[in-house]
Visitor: 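Sharing a structure, written as structure tokens. Questions coming.
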Amino acid sequence: MIVNHILSLKGRDVVTIAPDCTLSEAAKILSERRIGALLVRDGGHPVSGIVSERDIVRAVADRGAQALDEPVSRFMTSKVVTCTGETSINNLMELMTQQKFRHVPVVEGSSLVGIISIGDVVKVRVEEIEAEAQAIREYIATA
Ligand code: AMP
């Protein structure tokens, strides 16, 4: 299974934020949209950074509540690891496990075309395993 399969099920909507928005604005969007990370976009670049709920927790733990008034660009991760629509789900799971992050933006050429979270990966893997188990049960019942 590849990333394009997940995108065709969940859609290609990506919630983004500008680098000069505050961490407080980022937290509000994460809460309203019920998501765990925002892609930071600046001008023409498909991805300038990523800010996740963990970055916000770390910022507040390190600098106190005043961090919430500071710009997202100060706390985002700038070196973002991306994948393409052709990346396999197995490779994506390996990447998320090794690098210890739960979000991977999907980039094709110079366009941001989606984002995959660890929740999306777990969902399709569980469905896949359930379908395999059902097929085995049916095979055994008719053997
Ligand atoms: P997450 O597990 O996605 O909440 O993110 C954990 C940490 O990794 C945070 O510091 C994020 O900014 C960073 N991060 C999340 N996704 C990526 C990614 N695709 N590439 C690089 N860093 C990331």
Side-chain angles (χ1 to χ4, degrees), residues 1-140:
M1 195 183 293
I2 60 172
V3 162
N4 271 335
H5 176 80
I6 297 185
L7 290 183
S8 68
L9 299 173
K10 71 165 269 198
R12 292 167 182 267
D13 189 30
V14 184
V15 185
T16 63
I17 190 165
D20 54 351
C21 285
T22 62
L23 219 51
S24 167
E25 288 170 304
K28 193 156 188 278
I29 299 170
L30 291 176
S31 167
E32 281 170 0
R33 303 295 292 257
R34 303 168 75 96
I35 53 176
L38 297 171
L39 264 287
V40 184
R41 295 194 85 170
D42 191 10
H45 298 287
V47 181
S48 302
I50 187 163
V51 61
S52 90
E53 51 201 0
R54 286 196 188 171
D55 298 313
I56 299 177
V57 168
R58 198 177 304 133
V60 171
D62 290 349
R63 302 168 62 85
Q66 70 184 38
L68 295 169
D69 296 326
E70 295 181 32
V72 156
S73 56
R74 194 159 296 166
F75 305 102
M76 70 185 191
T77 302
S78 306
K79 207 168 167 230
V80 182
V81 178
T82 63
C83 67
T84 72
E86 297 300 315
T87 303
S88 77
I89 301 307
N90 283 344
N91 283 349
L92 203 61
M93 285 194 295
E94 214 175 287
L95 193 68
M96 287 176 166
T97 308
Q98 278 173 0
Q99 311 255 349
K100 296 189 170 52
F101 49 60
R102 299 166 295 176
H103 301 88
V104 181
V106 189
V107 174
E108 298 286 2
S110 58
S111 304
L112 175 65
V113 298
I115 187 164
I116 305 289
S117 76
I118 202 161
D120 300 323
V121 173
V122 169
K123 185 168 182 283
V124 294
R125 279 299 289 140
V126 167
E127 283 167 4
E128 212 172 41
I129 290 163
E130 278 173 356
E132 281 167 15
Q134 180 62 21
I136 290 168
R137 277 195 292 272
E138 283 169 13
Y139 175 76
I140 291 168

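Remember, it's 1-based here, ligands and their atoms both numbered in the order they're listed.
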Visitor: Hey, mind stepping through Thr22 and Glu25 against side chain to side chain donor-acceptor pair (under 3.5 Å) and telling me if it holds?
Guide: CA-CA 5 Å; Thr22 62; Glu25 288 170 304; 3.3 Å; yes

Visitor: Within the structure, is a non-hydrogen atom of His103 found at a distance of less than 4.0 Å from ligand 1?
Guide: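 Yes, that is the case, since the closest heavy atom of the residue is under 4.0 Å from the ligand.
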
Visitor: Do the side chain of Arg41 and the main chain of Pro46 share a donor and acceptor less than 3.5 angstrom apart?
Guide: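 Looks like yes, one N/O pair under 3.5 Å.
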
Visitor: In plain terms, say whether Arg102 and Glu53 are close enough for a salt bridge, that is, a side-chain N and a carboxylate O under 4.0 Å apart.
Guide: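 Looking at Arg102 and Glu53, the cut-off is met.
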
Visitor: Distance to 0.1 Å, residue and atom name: give those for the protein heavy atom nearest to atom 10 (O) of ligand 1.
Guide: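 Ranking protein heavy atoms by distance from atom 10 (O) of ligand 1, first comes Asp55 OD1, 2.5 Å.
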
Visitor: Got a salt bridge between Asp120 and Lys123, using NZ or NE/NH1/NH2 to carboxylate O under 4.0 Å?
Guide: no

Visitor: Can you tell me the protein heavy atom closest to atom 20 (N) of ligand 1 and the distance?
Guide: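 It is Val81 N, 2.8 Å.
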
Visitor: Identify, by atom number and element, the atoms of ligand 1 in contact range of Lys79, meaning under 4.0 Å from any of its heavy atoms.
Guide: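 Per the distance check, 21 (C).
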
Visitor: Can Arg74 and Asp20 be counted as an ion pair, charged N to O under 4.0 angstrom?
Guide: no

Visitor: Tell me the protein heavy atom at minimum distance from atom 8 (O) of ligand 1, and give that distance in Å.
Guide: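 Nearest neighbour among protein heavy atoms for atom 8 (O) of ligand 1, to 0.1 Å: Phe101 CB, 3.6 Å.
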
Visitor: For Val113, does its backbone N or O pair with a side-chain atom of Ser111 as donor and acceptor, under 3.5 Å?
Guide: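 The answer is no, because no donor-acceptor pair under 3.5 Å joins these two groups.
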
Visitor: Looking at Arg102, which atoms of ligand 1 are within less than 4.0 Å of one of its heavy atoms?
Guide: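 Atoms satisfying the 4.0 Å criterion: 1 (P), 2 (O), 3 (O), 4 (O).
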
Visitor: Using a plain distance cutoff, I'd like to know if Pro105 has any nitrogen or oxygen under 3.5 Å from a nitrogen or oxygen of ligand 1.
Guide: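 No: no nitrogen or oxygen of Pro105 is under 3.5 Å from one in ligand 1.
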
Visitor: Looking at ligand 1, is there an atom of it that comes within less than 4.0 Å of some heavy atom belonging to Met96?
Guide: no

Visitor: Identify, for atom 22 (N) of ligand 1, the protein heavy atom at the shortest distance, and state residue, atom and that distance.
Guide: Thr77 CG2, 3.5 Å

Visitor: In terms of residue, atom name and distance, what is the protein heavy atom nearest to atom 5 (O) of ligand 1?
Guide: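 It is Ser52 OG, 3.4 Å.
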
Visitor: Are the side chain of Asp55 and the backbone of Ser52 linked by a donor-acceptor contact shorter than 3.5 Å?
Guide: yes

